[in-house]
Every structure is written in structure tokens, then in C-alpha cells.
Protein chains: 2
Amino acid sequence: MRNDKIIRRLLQYRTCLERFKKIGFEQVYSYNLGKEAGVSAEQVRKDFSRFSIHGNKKAGYQIDDLLEMLNKTFGKHEAKKVFIVGMGNIGRALLSYKGFLGKKIEIVAGFDIDPSKLKKREGVQLFHLDELKTMTEQTNVNIAIIAVPDSQAQRVCDMLVVCGIKGIMNFAPIVLKVPENVFVTNINLSNELESLVYYVNEDESV
Amino acid sequence: MRNDKIIRRLLQYRTCLERFKKIGFEQVYSYNLGKEAGVSAEQVRKDFSRFSIHGNKKAGYQIDDLLEMLNKTFGKHEAKKVFIVGMGNIGRALLSYKGFLGKKIEIVAGFDIDPSKLKKREGVQLFHLDELKTMTEQTNVNIAIIAVPDSQAQRVCDMLVVCGIKGIMNFAPIVLKVPENVFVTNINLSNELESLVYYVNEDESV
DNA sequence: TAGATTGTTAATCGATTAACAATC
DNA sequence: TAGATTGTTAATCGATTAACAATC
């Protein structure tokens, strides 16, 4: 996806800035922010420049100003509404994931095909997958998380696309086929761990 | 991390090849594999070339040969042993995550500081964080997953490093400070979702 | 003013894509 | 042989880093 890396860094900067603010800081220099976010000061300035976010020569950046700019870019104010499809381990964990709270990410509904899994959880209503169409129309949600078994992932994905979902976070280890105007981000937990194992072993053998 | 992208693609190729094999294929061309893995045929050939994996002119690649090569590179045979620190939603979900089974990823132990969470689950023994040192020595595990609240993540990370852990999969939205010889891979679920929201909105406004 | 920091332009680096020779 | 595919070399593209002028 275009600008992928910058977007992720900007989001990371925001998290860092919120942390700075919480401990009472009012301004930062690109150097401080870079250090906290794990990138160089030049990278920080370049990224801001790219998104027309400006600081003050010599005086650095006002944290509140930066946060306002970043929140404008990423829409901090309206809640981001999300569906979860698949009420297995991952799906259920995300239903109650605390990390979403401060980001105004709201799980609007969960879906599964197994009726035994459709008990309301964490205040979120769970539905049979058949209700997907109706629910999408009612709620205007356009982001969904796929947390179903691999063999079902493409089928579920197709359903989501038909229902008008435009962004998908996919936990199944397959490359989903989607139309051009649908965005997918893959979280492949096994591959993440396996690549770690690779690096660790590689490093030891040097 | 060096070669990061190639490594991930190679792991993805392996998953695809296993799927091809399961449905009875014996050979593939770079074109087929690329399509399934979501990359170009040239990319596939280039990646293989980089890791000295060779096919046959005109005849493509024998799936079994490829798998053998990839398994040699990534160590398919010995189980990859992992600790999980933090028995909250994410930690517990990973304990029972089915996706690890076929990859020979074995969760050896779970840790938490809350005694009420230390009931054995999914056949995995859970321990108080104080036992980390002992357990590392007993098991020779050198990969761990951090799934604790943000405020605890760096502290837990430091403990892991002291215990000799060399690879960390981090679910906390902070950039961990680690020595050079320790590898970290970050899974920031909020940021993944937020960037999706950004792309979807961006796309609609065009 | 002197020193420090931003913001932009230029240089470098690395990864992807294109081209094509080798060859089965 | 003709056609198709691999594997490598060259060209392109984009992202990061370095350099430095502007300026507070």
C-alpha cells in the first residue's frame, strides 16, 4: 500500500506523543520523538514534512499541535467501527482487547457460523454469519477482521466484499483475493514467529 | 531486520507450496507460485536465486524439492519452543492458537504476575513471572511473546533479555529497547486497524 | 550573536521490475 | 526445432540518510 511505512510511523509518533503528554511534556524535538519511536530525527522531520506538519525552528514541536494534526489526519474523534468474523481464540481475544479502547476502535458486532459461539460477550452482540448483510446495512461498518480457519478465509472475504467492506485485517495465512478498492493487512502470527527463529539462529551461527 | 521481506515471502511460499501439495500438485512454475503468494513470477525467481534454491529450466520446480530446501532454511523438523508472558486476552488466545500446530511452534510455558491467572490451560503449564529465569535455564527456550500491558512491557522485556531470550514478538504498542543481538518483531493491532481506516477513507475521498 | 533546530534538497542505498540470454 | 521457463544482469523506482541553508 502506498505510503505504508510513513503511515505506520505517524501512528507510532502519535502513541509516543500521547505518552509524552501524559508525563507532562509540552514540546519535543525531532530527536526526542525519534528516539522514542525508534527512528532517526531526520526521519521524523521528513515524515512530518511529507504530511505538511510543521514545527518551529529552534523551538521544536508543541505536542498539542502535533497531536491535533495527527488526529486530523487519522480521525481521532469519530469512533472507528469494526466487525469481527470468527469467534475462535483470536476473535474472542480481540473482542475484549484493551488496546482498542484508547484508540476509539469499537467492535460493533461479532460473527460466526457455530450457534454455540453466539453468546453475547464483553457487551458485544454476536450474530450468525448470515446476518452479515443486514448488519452492514444497519451499521455502515466498512472495516472487518477475519479470524476464521484458513479454509474459510477466502469465502468469508468474498462475503465481506459483497457487503461493502473496504478494509480487512486478515489473520489467516493466505493471500486474499480482493478487488482493487479493498485494502487488506495480513497478520501472520506463525510467520512472525518463524522469522524470529530464523534471525536468532542466523545470528548465532555468525 | 536484514532481508526481512524476503524471509517473509519465503515463508509465504512455503505455506502456498504445502497447500499445492495437499491438493495433489507435484510441480509449480514461478508464475503459479507467485500468483498464490501475491507476488510476481520474477520476484519468486529472484528470491529463490538469492537463497540458492534452483529449479529446472522449462520444467519449473518440484514442490517436494522446494519444500525440502525451505524447510532446511527454516528448520521444519525441530519444534520451535516459545514462552508467552502475559495471560490476558492475547496471551491466552495464543496459548490455544491452532495456526501454530502445523508449524511445529510449541508454547512451552506461560507467565503472569497474577496468581489467579496461573491455572494450567491447553496442556501448557503457567508460572509466576519470578520463575522465568529457572524455566529458561531448564528449557533452553530463546523466543518469547510479550502480551502484557504497555506499562509493563519494557520491564518484562528487560527480564527476558537478562534470561537470555534472543527473539521477542511484542504486542505492546511501544518500541522496546533491546541490545543489538536481540530481535524484536512488533504486532501493533490498533495501528494496523487505524491504518486500514486511513486507507479506506483516503480512497473514498479520491 | 552563537548555537541549535527545522525543513528541504541532494546523495545513497536497497529493493523491485524489466530485459534477455541460457537451455530444456 | 520452437516455445516456454529459469536465472541473472541491468534499469528503475522508492525510501532512507546525509548535508546544509534558513532562522529562531
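The side chain of B/Arg45 contributes no N or O atom lying less than 4.0 Å from OP1 or OP2 of D/dG7. Contact between the side-chain N/O atoms of A/His54 and the OP1/OP2 oxygens of C/dG7 is found at a separation under 4.0 Å.
B/Lys46 comes within contact range of at least one nucleobase, with a heavy-atom separation under 4.0 Å. Among the heavy atoms of the strands lying under 4.0 Å from A/Arg9 are primed sugar atoms or P, OP1, OP2 only; no base atom is included. A/Tyr61 comes within 4.0 angstrom of sugar-phosphate atoms only, judged by non-hydrogen atoms across all strands, and of no base.
If you take OH of B/Tyr31 and P of D/dG7, they are 19 Å apart, rounded to a whole angstrom. In this structure, CG of A/Asp47 is placed 7 Å from P of D/dT16, rounded to the nearest angstrom. B/Ile6 has its CD1 atom 8 Å from the C1' atom of C/dA15, to the nearest Å. In this structure, A/Leu33 places its CG atom 14 Å from C1' of C/dT5, rounding to the nearest Å. Atom pair B/Leu66:CG and D/dT5:P shows a separation of 16 Å (rounding to whole Å applied). A/Phe48 has its CZ atom 16 Å from the C1' atom of C/dT8, to the nearest Å. Computed from coordinates, the B/Arg2 CZ to C/dG14 P distance equals 11 Å when rounded to whole Å. At whole-Å resolution of the value, CG in B/Asn56 and P in D/dA4 are 18 Å apart.
Pairing of C/dT12, defined by two Watson-Crick or G-U wobble distances under 3.5 Å, is identified with D/dA15. C/dC20: Watson-Crick or G-U partner is D/dG7, with both key distances under 3.5 Å.
Among the nucleotides C/dT6, D/dT16, D/dT17, the one closest to any side-chain atom of A/Lys57 is C/dT6. Comparing C/dT9, D/dT5, D/dC24 by their nearest atom to the side chain of A/Lys58 picks out D/dC24. Of the candidate nucleotides C/dT16, C/dA18, C/dT8, C/dA18 has the atom nearest to the side chain of B/Glu42.
For the residue pair B/Asp158 and B/Gln154, a side-chain donor N or O sits within less than 3.5 Å of a side-chain acceptor on the partner. In this structure, a donor-acceptor pair under 3.5 Å is absent between the side chains of B/Ser30 and B/Lys46. B/Asp4 and A/Tyr199 share a side-chain donor-acceptor pair at under 3.5 Å. Side-chain polar atoms of B/Gln152 and B/Arg155 form a donor-acceptor pair below 3.5 angstrom.
For OH of B/Tyr31, the number of neighbouring non-hydrogen atoms (other residues, nucleotides, ligands) closer than 6.0 Å is 12 at most.
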